[in-house]
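Values reported hereafter were calculated over all heavy atoms of this structure, with side chains retained and with hydrogens, waters and symmetry mates removed.
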Amino acid sequence: MSCYRIAAFGIVAAIMASVFSGCSRDGESTVSPSNTTVSDTSQTEVTVKPEYAAKYTLSNENADEITHRVYDLICDNYGTYMFSCQQESTWMGSPDYEMDYILETTGRLPAMRGLDFMNSDFDGVVERSKAWWDKGGLVTICWHTGINGYGYQESKDDVPDFDKLLTEGTPEHEAMIANWDKAAAALAELRDSGVPVLWRPFHEFDGGWFWWGKGGGENFIRLWQMMYDRYTNEFGLTNLIWVLGYSGEVKDGWYPGDDYCDIIGSDTYDNSTHVKAWNKLQNITDSGKPLTFHECGKVPRVEMFERDGCLWSWFMIWHTDYIKGNNKKVLNNVYNHEKVITLDELPDLASYKAGDKITQIAASEMGSEQEEISMQQYEKIMTELPPEGIFDRQDGVIYPDFQKYTYYSQTAERESRVNVLLPPDYSEDKEYPVLYVLHGYYDNEDWMARDIVGLSEMLSNLYASGEAQEMIVVCPYIFVSKELEWCTGMNLENSLCYDNFINDLTTDLMPFIESTFSVAKGRENTAITGFSMGGRESLFIGFQRPELFGYIGAVAPAPGLTPVPGSADHPGQMQAEKMRFKDNAPYLLLISCSDSDGVVGTYPKSYHKALTINETEHIWNEIPGTGHDHTSVKPHLYNFCRMIFNN
């Protein structure tokens, strides 16, 4: 992969069960270890001893026994489980920098370690590969190298003459081969130590940014086959499982053939499940070879892979900032998911037989149960403004529409309207938490559901990146009156109709939502927020019914929650000193407001001051450069939706 590059791509169709029928099979083939030593770095004789009946066929029929066992393990679990994998770095003070971070965050270690021969680190990679294998783990190695050696920069800067490079006897060819042979010697050392390697050379070849992809598909195929033949037939590297790693585009005309690879993959850094590439890879060959997500940045939640029908054989998160850029809760959930295999769950690889079962270890057995998230921890993930693109539609992400419903309001004695947004993969077999989002003065149930607010786009993008829990979003009409059908003026009479929404909500709307949809009940699964008058009401409801709402928010809350001196229209719903929780304090109380709101002025800040005086724990978020409109609503919703339902 390009260490700093981001690729892009797309979406899924239904995947037939036959996709997971496994790797290439020829009944049961008999294979064995080579039982040889390398006396000459260019020639090795391989002696085959029939000892293990492999279920799946490797491209190298002389692959040694332990390598066949590992391949059987991967093929057996393909389509049912995903192996976890992490790429290491070697320049962050410790080669275990990423592994230590994952262990600290999740209580687990990855099943597979990714290494790189970059900068001719042959001895170091061999040493760390042996150590990881001895811990019971799997090893995959890539190689950022120039034509004649060195590292990442040369791998991108070199521009070869492929006619000379692929012609035996030319200086260019001989120099390249000399570099290859250094890696071959290191791989031979691993072979002689009994360490199988998922070997991933020339990755992202069809992207064109590395030298090995700059000559087009035909030259790449010759290059790949040349290395395969040399490593397999001249060096006798019987410990290699050949991994062909496309870029995110998966271009046609680059496949070297079924006889030259064992696993096919693609990568991306767009935080999706990479299902578009999955679908393209299905058409590369009908051999049934496993597919791998050989590099990614942020790994999505496992439920997203299941929804898209692409349970890759493994996913590998890239190093340093990429692994640390993952949402910690999502990373913890992925590593402790029943569909993800970690180091502690791998069987004894030396004795594994096709068909053996993986033993899943529950998160509680690992001692990785998470403590309740504090308000201070929520505050650490706050942003002033949402990241660019979070409200835009992206390839590979499903964006549902709001649907309008009516329910009978006993409080208003008439039918009332509500917009409901279900998550993309909504199922009656699963229960979902509920977020109630309240509109402002003079508005209705459609205001928060408008395209300019972008709730569907934002939430689906957060679901795809694993930064938010899937939820049901409810946007009701909050003007509740038996006499008036809609707001007729900004006065006490109309304001009291908004204040009446608390009765409609608890008596009529919440029962309707819970009887109509698959809802997870309880305050830990129920949130409320609102804008302007809706923000005032969400705060009031939160203080009045804390046993119902575990997460409370407000953006630009209107005056009148507490008495406004000298105003007959705002006698106050409660006294400022009552803005505290005796019991059932919320997991989250977030108040946001523009730093220059010309409509509600300083009233939101007055609520913040009252809460501070009352020592009521909350988060105050002043949003720069926004107004009393969607420009302040969107940053608030972005922060609030990432925080809720995480306890």
Look up atom CG in L421 and atom SG in C475, then write down how far apart they are to the nearest 0.5 Å.
7.5 Å
Ring center gap for F549 and Y587 short of 6.0 angstrom
no
Walk me through it: do Q403 and L422 pass the test side-chain contact (heavy atoms from CB on, under 4.5 Å)?
CA-CA 8 Å; Q403 300 295 324; L422 300 176; over 6 Å; no
Using the rule ring pair (Phe, Tyr, Trp, His ring centres under 6.0 Å), only one of H636, H628, H630 pairs with F531; which is it?
H628
Would R301 and N333 satisfy side-chain hydrogen bond (donor to acceptor under 3.5 Å, both in side chains), going step by step from the backbone distance to the final call?
CA-CA 7 Å; R301 291 180 295 111; N333 287 345; over 6 Å; no
Expected output: side-chain D597 to main-chain C593 donor-acceptor under 3.5 Å:
no
Spell out, as yes or no, whether a donor-acceptor pair under 3.5 Å connects the side chain of D270 to the backbone of S272.
yes
Run the ring-ring contact (aromatic ring centres under 6.0 Å, His included) check on F640 and Y551 step by step: do they pass?
CA-CA 9 Å; F640 193 67; Y551 305 88; 7.4 Å; no
Check this for me: does any side-chain nitrogen of one of E415 and R417 sit under 4.0 Å from a carboxylate oxygen of the other?
no
Got more than 12 heavy atoms from elsewhere within 6.0 Å of OH, Y432?
yes
Run the side-chain contact (heavy atoms from CB on, under 4.5 Å) check on E303 and H337 step by step: do they pass?
CA-CA 10 Å; E303 289 79 8; H337 197 282; 3.3 Å; yes
Can you tell me which residue pairs pass the salt bridge (Lys or Arg N to Asp or Glu O under 4.0 Å) test with a partner in residues 495-510, sequence neighbours excluded?
D499-R536
Kindly say whether the aromatic ring centers of H608 and W620 come within a distance under 6.0 Å.
yes
Mind checking whether F83 and W314 have ring centres under 6.0 Å apart?
no
Take atom CD in E514; do more than 12 heavy atoms of anything else shown fall under 6.0 Å from it?
yes
Decide yes or no for S495 and D569: does some side-chain heavy atom of the first lie under 4.5 Å from some side-chain heavy atom of the second?
no
Should we say atom CD of Q376 is surrounded by more than 12 heavy atoms from elsewhere, each under 6.0 Å from it?
yes
Is the F293 ring parallel, tilted or perpendicular to the W312 ring (thresholds 30°, 60°)?
tilted
In terms of relative ring orientation, are Y78 and W278 parallel, tilted or perpendicular, with 30° and 60° separating the classes?
tilted
Taking the six-membered ring for Trp, are Y498 and F479 closer than 6.0 Å centroid to centroid?
yes
Pair K404 + D446: basic N to acidic O under 4.0 Å:
yes
Please determine whether a side-chain nitrogen of the Lys or Arg among K430 and E470 lies less than 4.0 Å from a carboxylate oxygen of the Asp or Glu.
yes
Residues two or more places apart in sequence or in another chain: which of them pass salt bridge (charged side-chain N to carboxylate O under 4.0 Å, His left out) with E413?
K482
Looking only at side chains, do Y408 and S416 share a donor and an acceptor under 3.5 Å apart?
no
Distance under 6.0 Å and angle within 45° of the ring axis: does K634 meet both against F391?
yes
Does some side-chain heavy atom of Y405 sit less than 4.5 Å from a side-chain heavy atom of E445?
no
Is there a donor-acceptor contact under 3.5 Å from the side chain of Q86 to the main chain of I317?
yes
So with a 6.0 Å cut-off around NZ of K328, is the heavy-atom count from everything else above 12?
no
Check this for me: does any side-chain nitrogen of one of K605 and E622 sit under 4.0 Å from a carboxylate oxygen of the other?
yes
